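Right, one structure below, let's go through it.
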Amino acid sequence: MSNKPLLEFTDKGIYCPKGNFYIDPWKPVDDAVITHAHSDHAYTGHKRYLAHHLSREVLKYRLGDIQLQTVEYGEKVIKNGVQISLFPAGHVIGSAQIRVESQGEVWVVSGDYKVEDDGVCAPFEPVTCHHFISECTFGMPIYKWKPQAELFTDVNAWWKNNVSNGLATVIVGYSLGKAQRILQNLDASIGKIYTHGVIENTNEALRRNGIQLQATERITPATPKEDIRKGIVIAPPSAVGTPWMRKFQPYSFGYCSGWMALRGAKRRRAADRGFIMSDHADWDGLVSAIDATRCEKVYLTHGYTASFARYLSEIGFDAHEVHTLYGGEEEDTTATTTDEKEQANTLAETGEETI
C-alpha cells in the first residue's frame, strides 16, 4: 500500500484524491458517492451522484433533477482506477456501505447502519477492510435494543387497546426509515393505516422504485375523524404538538426513538408511550460490526465519538475521532438534548439501568 491514504477527511467531506470523488460530501463537488438519502448524507448541489438503485426515487424526490447513476449491491464501478462497490448497511431502504479499493488498500465508509435484520431493507453485511469509517450514534453500553418481534408485539397491543377504548392512535417515526419499518410491522387486521403527507410522499417514491409496502391512506381535511380513530396514524416528529395532530383528539401518542432508552425522554416529548426503536446499531451492534471487518483502523464520525474511541482503543483497535457534519437530520441523531447525553454518560459510568 502507498504511504498516502486512499481516503482523507476534508472540509467538504470524505475525499478520495486518487479517484477524485467524495463520499457523502456536505459541500458541492463534481462527483459524490452517497451512502443513503438522509439529508445529512445526501446534499444538493453536486454535479454527479452515485448511489444504490433503491435510493433513486427518494433522492430525486428530495434533491430534484440530479444527474444520478445507480448500481446494485456488489456491482463494481471504476473511477480513475479506483474500484467502488456498495454493500448493504441495514439502515434504511437503499442504504449502503461504500467499499473503496486501490492497489490492495481497502476502505469502507459505512454511513449509518444497524445490524438487526428489520425485514424491510437489505440486512447489514460486514465487509473486510483495512480502514473502517463508522458512526457511533448510540456508542454507549446502556443502549441495547430489544428484538424487533418483541417491540412490535408491544406496538400492536397498544394500538389494539386504543381502538377498544375509542382513542385515535398516533405513532411517530422519521419519514425515511422508521416510518416504513413501522408500516411493514403493523398488524393491518386491527385497522386502516393512515399517513401524514410527508411520510406518504416518501412511501410513494419508494413504491415508484418497486418497493412493496402495506396499503396506506394519506390524511386529508376530508378524512373522517371517526375513521381515523379506528385505525393508526404514522406521523413525522415535526407533526408533534401541531394543530394537524391535535385534531385527532382524543388520541394516544407513541414516540419511536432510540433515545426512549433514557429516563425522561418520553416525558420531554409529551408522549403517552415511548418505543425504543432505532435504525442505528446499538452498543453490541457497533462493536460486533467493527470487529467483523477485521480492520486495522477505525474512524468515528458522529455520536459518542470520544468515549467510544477510548473503549475501542482499550480493546485493541486503532481508533480515531474525525469531524464531520453527519448526524444532522434524523430524530435519532438530533432530537436528543444535552441533558439526555449527559444522562447517558452518567448511567454508563454508574452502571444504572435505563427504563
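From a predicted model like this one, the values you see are computed outputs, not experimental measurements.
In this structure, Asp318 contributes its side chain and Lys297 its backbone to no donor-acceptor pair below 3.5 Å. In this structure, the side chain of His46 does not engage the main chain of Arg48 through any donor-acceptor pair within 3.5 Å. When atom types are taken as modelled, the side chain of Lys225 and the backbone of Gln249 share a donor-acceptor pair closer than 3.5 angstrom. Formation of a donor-acceptor pair under 3.5 Å by the Lys114 side chain with backbone atoms of His91 is found in this model. A donor-acceptor pair under 3.5 Å links the side-chain atoms of Asn156 to the main chain of Asn185, judged by distance alone. Checking side-chain atoms of His302 against main-chain N and O of Glu135 turns up no donor-acceptor pair under 3.5 Å.
Asp154 has a carboxylate O that lies under 4.0 Å from a charged side-chain N of Lys146, or vice versa, which qualifies the two as a salt bridge. Looking at Glu204 and Arg218, a side-chain N of the basic residue comes within less than 4.0 Å of a carboxylate O on the acidic one, giving a salt bridge.
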Kindly indicate, with the supporting measurements, whether the criterion side chain to side chain donor-acceptor pair (under 3.5 Å) is fulfilled by Lys76 and Ser85.
CA-CA 5 Å; Lys76 295 176 182 178; Ser85 50; over 6 Å; no
Show your working on salt bridge (charged side-chain N to carboxylate O under 4.0 Å, His left out) between Arg229 and Glu226 and close with a plain yes or no.
CA-CA 5 Å; Arg229 186 166 291 123; Glu226 288 305 311; 2.7 Å; yes
Pair Leu50-Asp31, side chain to side chain contact (heavy atoms under 4.5 Å, CB included): steps then yes or no
CA-CA 8 Å; Leu50 174 67; Asp31 284 281; over 6 Å; no
For side chain to side chain donor-acceptor pair (under 3.5 Å), just list the numbers for Tyr15 and Asn20, CA-CA rounded to whole Å, side-chain angles, deciding distance to a tenth of an Å, and then say yes or no.
CA-CA 7 Å; Tyr15 180 54; Asn20 194 26; 2.8 Å; yes
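In this structure, a donor-acceptor pair under 3.5 Å is absent between the side chains of Trp145 and Ser278.
Ring to ring, His52 and Tyr73 are close: their centroids are under 6.0 angstrom apart. Ring-centre distance between Phe248 and Phe253: not below the 6.0 Å cut-off. Remark: aromatic rings of Phe152 and Trp159 are distant, center separation not under 6.0 Å. A distance of 6.0 Å or more separates the ring centres of Trp107 and His130. The aromatic ring centroids of His38 and Tyr174 lie less than 6.0 Å from each other.
Chaining together hydrophobic side chains whose heavy atoms lie under 4.5 Å apart places Phe308 alongside Phe87, Val108, Tyr113, Val115, Phe124, Val127, Phe132, Trp283, Leu286, Val287, Ile290, Val298, Leu300, Tyr311, Leu312, Ile315, Phe317.
What you find for Ala281 and Phe138 is that their closest heavy atoms are O-CB, 3.7 Å. Contact between Leu176 and Arg62 at its shortest, heavy atoms only, is CB-NH2, 3.8 Å.
Between Leu186 and Ile232, the closest side-chain pair of non-hydrogen atoms falls below 4.5 Å.
When each of Lys79, Lys47, Lys12 is paired with Asp30, the salt bridge (charged side-chain N to carboxylate O under 4.0 Å, His left out) condition holds for Lys47 and for no other.
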